[in-house]
Amino acid sequence: MRVSGKAKGIITVLLLAAAAVYYYAAIPAFNFHSLGTWKFVLVGIAVLVVLYGLHCRVRTVEDIKDNRGLKVGIGILLALLLVLAVGSILSSPIVNASKYQKLLTVEERDFAEDIKEADYSQIPLLDKSSAALLGNRKMGSMVDYVSQFEVSSIYTQINYQDRPVRVTPLVYASAIKWLTNHGEGIPAYIMIDMATQDTELVKLENPIRYSESDHFNRNIYRHLRFKYPTYIFDRLSFEIDDEGTPYWICPVKTYKIGLFGGETIGRVVLCNASTGETWDYALEDCPEWVDSVCSANLLIKLYDYYGTLRNGYFNSILGQKGCLKTTDGYNYLALEDDVWVYTGVTSVSGDQSNVGFVLMNQRTMETRFYAIPGAEEYSAMESAEGQVQNLGYQATFPLLLNVAGEPTYFMALKDDAGLVKKYAMVNIQRYQNVAIGDTVPQCERAYVELLRDNGVALSGSTAQDEAAGTIRKIAQTVVDGNSHYYILLEGSDDIYDVSVEDFMSIILYDTGDQVTFGYVQEEGYRTVVTLDGESAAVRENPEAEGTGTGELTTEPAV
């Protein structure tokens, strides 16, 4: 049966319309490194072959053999599938182990030089799940917005005006809510200070009009695709610049090995979330205020290639000589006004110790290795949890800090509701040393005192000094629910902070009394760690007492 020219035209138009709808919905990149592009082309050719076969009334294999056009179409389809299969194999680590191993440049560095002593005003005390709880709680109190918007799950960690914060936009609560609100846009985003736990809903003069929850051309992915049809984008992140303007940070993948291998980041597109205006940069030219370009998962994958493939692919599977890998978990550390991914490095044998750890810069991909053997993170977490097992608290994945010159795991302890109740410090190299505290200063004081009692030579601002004199002035106050005495000595304007919980006997002192303090210098005051030779209160059986302030233990961590 012959088909008229008009019918052929109608079929062609319908096919082009179907292809356009598929492209608009799936928005694949026009890039031969993109699996989406290959799928688009292969499906298109397959549909054409099937329609041509139906038109020619093909019924048997012999009919196919006798039809030249059909044989050409099937041949093209099979050739493309062969190229796809061979390209995938040739792009794999099996035949390119050395290239994969060199995707990341790793520099070995000195811990004490790079990691300065902890400044707790810049230490993120919360993890992402705790931040999400605070964000949802804040949203629940905003009666004007809660019925129309929800909080996105993005919660990007950034440095904002020298503070570690997480930011996340609001999203439309449903398609109906989008329909009734998209004309005005998304009016605000959530910002959470990870050190103070202060949560703010930041209202915008220019609302967000390009987002993941928008539809049609204002969907951020479709907006980017139409502007950059050949770019293959990685995971987008939401950030704000130094003036609080919201942006989408859009990393662009590049493939350095074959068709699909050696995935890394080569460029980054910044998109103003309010106006849709975009800027395209090479990775090395990315503005310094941007923090989250390379995802933690990508950086960890690249380091695992570096650590496991140094002696070839088959060695990484069989003999595993000299193979190292990252531990199962990561956290973020603010350093040099950038956000770095932190994770431990251990052998592939699965023992419970680390040979060191790595810091990986999310903006530049700079990677630093620190050779510090010690406890693996989950062992340290279990050790901290063991000290409060009667309370059932769970430890967050640790941060790595420099406390008195000692590499130290720091973690929050959360209850079943996800609220932070206590803090823990575990010495990495001497992981039998564990301290628990209700507040960060209490935890640090207990930790430093424990190290000192175990003969560890301390350095930095937490090294103990001593002062003696006559009390000139003494005043009581309450800090975080705990009583403190602030004391001035004759002939000095230095302020000494004495915690009643650590030194109950301080309530017996008055002006004119002689006193000797062992103290640690803080910014603006001196924290007392010994009072007339008496150390901070130590509970010998913390599990029985069920309180965390000043709890010390020397139980093994593993």
Side-chain angles (χ1 to χ4, degrees), residues 109 111 113-132 134-135 152 154-169 189-202 204 234-251 265 268-273 279 281 283-300 330-343 357-368 370 396-402 410-412 440 523:
R109 301 283 289 258
F111 171 83
E113 290 184 4
D114 284 0
I115 313 298
K116 303 305 179 185
E117 195 164 344
D119 177 359
Y120 296 105
S121 67
Q122 298 184 1
I123 298 298
L125 305 180
L126 304 174
D127 60 3
K128 183 177 180 180
S129 60
S130 296
L134 295 176
S152 170
I154 294 176
Y155 287 99
T156 308
Q157 182 161 319
I158 63 172
N159 287 336
Y160 176 65
Q161 298 179 353
D162 294 325
R163 293 182 293 146
V165 304
R166 283 188 184 266
V167 289
T168 192
Y189 60 83
I190 295 283
M191 179 166 63
I192 301 172
D193 190 310
M194 301 297 284
T196 65
Q197 304 187 34
D198 292 336
T199 305
E200 180 182 3
L201 187 140
V202 181
L204 295 165
D234 198 8
R235 171 199 58 86
L236 306 189
S237 61
F238 179 83
E239 292 195 32
I240 56 176
D241 66 10
D242 293 334
E243 286 72 44
T245 304
Y247 282 85
W248 292 102
I249 311 303
C250 317
I265 302 300
V268 58
V269 172
L270 309 187
C271 178
N272 186 304
W279 296 264
Y281 298 97
L283 183 63
E284 58 270 21
D285 298 326
C286 181
E288 292 186 2
W289 65 262
V290 177
D291 288 312
S292 182
V293 178
C294 304
S295 70
N297 289 334
L298 173 62
L299 292 172
I300 288 171
Y330 60 87
N331 213 324
Y332 299 97
L333 190 66
L335 183 68
E336 300 171 2
D337 199 30
D338 279 318
V339 176
W340 298 67
V341 176
Y342 154 78
T343 187
F357 63 91
V358 287
L359 294 179
M360 296 172 282
N361 190 307
Q362 286 197 282
R363 178 173 61 87
T364 65
M365 295 182 65
E366 179 185 355
T367 301
R368 301 173 179 178
Y370 300 87
T396 60
F397 194 84
L399 281 172
L400 181 75
L401 302 183
N402 179 343
F410 172 79
M411 63 202 84
V440 176
E523 186 175 352

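Numbers here are sequence positions counted from 1.
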_Between Thr367 and Leu359, is the side chain to side chain contact (heavy atoms under 4.5 Å, CB included) condition met? List the steps._
CA-CA 6 Å; Thr367 301; Leu359 294 179; over 6 Å; no

*asked:* Is it the case that atom CD in Glu288 sees more than 12 heavy atoms from other parts of the structure closer than 6.0 Å?
replied: no

_Side-chain donor-acceptor contact under 3.5 Å, Ser129 with Asp127_ = yes

*asked:* Quick test of your reading of the model: are Glu336 and Arg368 salt-bridged, counting only N-O distances below 4.0 Å?
replied: yes

_Can a donor-acceptor pair be found, under 3.5 Å and without considering hydrogens, that links the side chain of Asn331 to the backbone of Phe397?_
yes

_For a quick test of reading the model, state the closest non-hydrogen atom pair linking Asp242 to Gln161 and the distance between them._
O-NE2, 3.3 Å

*Heavy-atom donor-acceptor pair, Asp198 side chain to Asp193 backbone, under 3.5 Å*: no

*asked:* For a 4.5 angstrom cut-off between non-hydrogen side-chain atoms, does Tyr330 reach Leu299?
replied: no

_Which label fits Phe357 and Tyr370: parallel for a plane angle under 30°, tilted from 30 to 60°, or perpendicular past 60°?_
parallel

*Is the Phe238-Trp248 ring centre distance short of 6.0 angstrom?*
yes

*Drop me the distance from Cys294's SG to Met365's CE, to the nearest 0.5 angstrom.*
5.0 Å

*Check whether any side-chain N or O of Gln362 sits under 3.5 Å from a backbone N or O of Trp340 as a donor-acceptor pair, and report yes or no.*
no

*asked:* I need the Leu401 CG to Leu333 CG distance, nearest 0.5 Å.
replied: 7.0 Å

*So, Thr168 side chain and Ser152 main chain: donor-acceptor pair closer than 3.5 Å or not?*
yes

_Ala296 versus Tyr332, closest heavy-atom pair with distance_ = CB-OH, 3.9 Å

*Could you tell me the separation between the CD1 atom of Ile190 and the OG1 atom of Thr199, rounded to the nearest 0.5 Å?*
7.5 Å

*Give a yes or no on whether the backbone of Ser292 and the side-chain of Glu239 come within a donor-acceptor separation of less than 3.5 Å.*
yes

*When rounded to the nearest 0.5 angstrom, what is the spacing between CD1 in Ile240 and CE in Met191?*
5.0 Å

*Calculate, to the nearest 0.5 Å, the distance between atoms CH2 and CG belonging to Trp279 and Asn272 respectively.*
5.0 Å

*Working to the nearest 0.5 Å, report the span between CG of Leu236 and SG of Cys271.*
9.0 Å

*Is there a side chain to side chain contact (heavy atoms under 4.5 Å, CB included) between Asp337 and Asp162 once you walk through the steps?*
CA-CA 7 Å; Asp337 199 30; Asp162 294 325; 4.2 Å; yes

_Looking at Asn159, is its backbone amide N or carbonyl O close enough to the side chain of Asp291 to form a donor-acceptor pair, meaning the two atoms are under 3.5 Å apart?_
yes

*Which pair of heavy atoms, one from Arg363 and one from Pro287, lies closest together, and at what distance?*
CD-O, 3.6 Å

*Which atoms form the tightest heavy-atom contact between Asp234 and Ser295, and what is the distance?*
OD2-OG, 4.1 Å

*Evaluate the side-chain proximity of Ile158 to Trp289: yes if any heavy-atom separation is below 4.5 Å, no if none is.*
no

*asked:* Tell me whether Ser237 contacts the main-chain N or O of Arg235 through its side chain, where contact means a donor paired with an acceptor under 3.5 Å.
replied: no

*What are the two closest heavy atoms between Tyr189 and Pro169, and how far apart are they?*
CB-CA, 3.9 Å

*Would you sort out whether Ile300 and Met360 count as a side chain to side chain contact (heavy atoms under 4.5 Å, CB included), showing the intermediate values?*
CA-CA 8 Å; Ile300 288 171; Met360 296 172 282; 4.0 Å; yes

_Minimum heavy-atom distance between Gly244 and Leu204, given as atom pair plus value_ = O-CD2, 4.3 Å

*May I ask you to test the Val290-Val268 pair for a side-chain heavy-atom distance under 4.5 Å?*
no

*asked:* Any side-chain to backbone donor/acceptor pair from Thr396 onto Ala412? Under 3.5 Å, distance only.
replied: yes

*Going through the checks in order, is the side chain to side chain contact (heavy atoms under 4.5 Å, CB included) test met by Leu283 and Thr364?*
CA-CA 7 Å; Leu283 183 63; Thr364 65; over 6 Å; no

